[in-house]
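This report refers to the structure that appears directly beneath it.
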2 protein chains.
Amino acid sequence: MSAAMEPMKARRLYLLLREQILSGEVQDAARLPSEPALAQEHGVSRVTVRRALDKLASDGMIERRPGSGTFVSAGQAHMPVVADLANAFTHLVEMGRKTGVRLISFSYVNATPALAEELKLDPGEKLQRSIRVRLIDGQPFSYLITHVPERIGISYSEADLASTPLLELLERSGLVADKAQQIIGATLAGPDVAAALDVEIGAALLSMSRVVFEASGRGIEHLQALYRPDRYSFHMELARTGDTGARRWTAADSRGLTQANENNQDTEKKNARDKRPPLKRRTKNETGRDPSKP
Amino acid sequence: MSAAMEPMKARRLYLLLREQILSGEVQDAARLPSEPALAQEHGVSRVTVRRALDKLASDGMIERRPGSGTFVSAGQAHMPVVADLANAFTHLVEMGRKTGVRLISFSYVNATPALAEELKLDPGEKLQRSIRVRLIDGQPFSYLITHVPERIGISYSEADLASTPLLELLERSGLVADKAQQIIGATLAGPDVAAALDVEIGAALLSMSRVVFEASGRGIEHLQALYRPDRYSFHMELARTGDTGARRWTAADSRGLTQANENNQDTEKKNARDKRPPLKRRTKNETGRDPSKP
DNA sequence: CCCTTCTGTCTCTTTTAAAAGACATTTAGC
DNA sequence: GCTAAATGTCTTTTAAAAGAGACAGAAGGG
């Protein structure tokens, strides 16, 4: 019922206006220039302006009143799910219990050179590769690609993965996580991730990659997580300790997981999945599931 | 000499292949299907496949050998600049001394409702608004939008902003930062930010917004930072402390700021700025500058 | 109340991207 | 050295996005 990917000029104007609104360059709650004005100002046709505004409106960033004008929607809904950075891990474990998980794929593969190095694998060692999607209130917010050495991966079943956090599975089988590295960055959503997270194809995602090591120094888990930034973000509260000269910020253990905010306009957001018929995509089995277990 | 924004289908295929490579779905160093094969597989023409591959190649993700095939470029260059998350602040201060800063804009504006609330401003209070770009080795990596209450902002000059970190300026004028909130997310690059950071218009950016409070509880700084994820990312090392039952991750103060890796293919990356002639953009004064001062 | 201005919704034309195919050039293998 | 198959580079045709304009309906101000 609607085209999938907005065309170039419209997208450009959309990003421009979005930038101006988010950066505070355009006053909050102010009226935007009229559509013909915007069209002339940016040297595009009104249809294009309209497409850009349509998208802003579907993002909930603007409100359009026929006969009156187009207005910046103040609020900017906050993040529904927020992870505390200081100990994101424990929260993730807790969250694993409160959220649903879909197992997208599960297989054993050869380690790529990069992965083998990061996990400090023995040469030729294989990896268990699984892809999961985490849901909260039935809505996906994270896409997890995990690689675990085969010798470790065999200690739990495919079904376990769909119900229990991986770290817990690992520790149940006697392994002791000792150290971990995390890198937080950003990337663009590809078609698979986009479909799984219900976002558009070029959307921005928060990415976290993590490698967990046991005491011996060998890697036991490699995780590449992709988050919808509108549903999940990292949150820290910092306190300044020490006096002038040696001042420094320390992470105040803010009781995180602010899970408020229910009026996000996401419900209203068209869940129309786009078509892109020619570009094929692998089929994927779906394993909806909700937790249980002590 | 080259078109600015890659067309839709090409972009889609680009994102698809990129996803498959980054997720490890396509084996490292493996040969991709031939261009005609990819064209048929995805139901697009070879020109489109070609455009997608062109972009992957310019990202350094693939290598094309005429007569032989197209191969996945293993390495995936690491981040040149990495910030330690545990005390990203002090590092930022240090970095402020080692890097260049460009002042993009400087003005006084009315506070938007959202900003007024976040900073806990008195009604009607105005804000000093400044936009800066941080460079390392002459290359931009962060775009900073700061809002400071006017009464505080007048204590330093426009030129100060181009040479000294803001937090230092604030503390020089007698203010004492006490607490801060940070939120880390991701967003898409708009035209202005894209131009300033030398990325494409729809690129993914790492975003951090921070509010700093003094002891009285009043906000003294609001920062919205946008980072190029290929040049800057957050890095943490975690250690697991406590025994089974009450296990928990604590941030091991990894001596961060890993500034290694010089062979990033970025030098070779075409710095061709795209044209987009009709879409206007505000002009911006540039204040190149390198540090000094004790 | 009327007039102006704004958004909403069409139609038609122009421009640009994508498709289809031909052909040259390079490499690897037999 | 020949052949098969790959990338590189064209040209022509077709499909899709963007442009241009007309017109209806809603809101606000004199």
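The chains referred to below are lettered A, B, ... by the order of the sequence lines, with proteins before strands, and numbering in each begins at 1.
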Between [X] and [N], does any side-chain N or O lie under 4.0 Å from OP1 or OP2?
X	N	value
B:Thr70	D:dT7	yes
A:Thr48	D:dG19	yes
A:Lys9	C:dT16	no

Quickly work out the [X] [atom1] to [N] [atom2] distance and round it to whole Å.
X	N	atom1	atom2	result
B:Arg64	C:dT25	CZ	P	19 Å
A:Tyr14	D:dA18	OH	P	16 Å
A:Arg12	C:dA17	CZ	P	10 Å
A:Gln40	D:dG19	CD	P	14 Å
A:Leu32	C:dT5	CG	C1'	16 Å
A:Leu56	C:dT7	CG	P	13 Å
B:Leu53	D:dT9	CG	P	14 Å
B:Phe71	C:dA28	CZ	C1'	10 Å

(message) Which is more 5' along DNA chain D, the nucleotide nearest A:Arg65 or the one nearest A:Ser45? Just name the residue.
(response) A:Ser45
(message) Between B:Glu35 and B:Arg64 (salt bridge meaning N to carboxylate O under 4.0 Å), is one present in this structure?
(response) yes
Would you mind telling me which of [options] lies closest to the side-chain atoms of [X]?
X	options	value
A:Arg31	C:dA19, D:dG8, C:dC6	C:dC6
B:Arg51	C:dA18, C:dT7, D:dG8	C:dA18
B:Arg46	D:dT7, C:dT7, C:dA28	D:dT7
B:Val47	C:dA19, D:dG19, D:dT7	C:dA19
B:Arg50	D:dT7, D:dA27, C:dA19	D:dT7
B:Val44	C:dC6, C:dG8, C:dA19	C:dA19
B:Glu35	D:dT7, C:dA19, C:dT7	D:dT7
A:Pro66	C:dT7, D:dA17, D:dA18	C:dT7

(request) Mind telling me whether B:His147 and B:His222 have parallel, tilted or perpendicular rings, with 30° and 60° as the class edges? (result) perpendicular
(message) Test of understanding: with side-chain hydrogen bond (donor to acceptor under 3.5 Å, both in side chains), list the residues that count as partners of A:Gln224, not counting sequence neighbours.
(response) none
(message) Any heavy-atom pair between the side chains of A:Lys55 and A:Met61 that's under 4.5 Å?
(response) no
(message) Quick check: do A:Leu206 and B:Ile184 have side-chain heavy atoms less than 4.5 Å from each other?
(response) yes
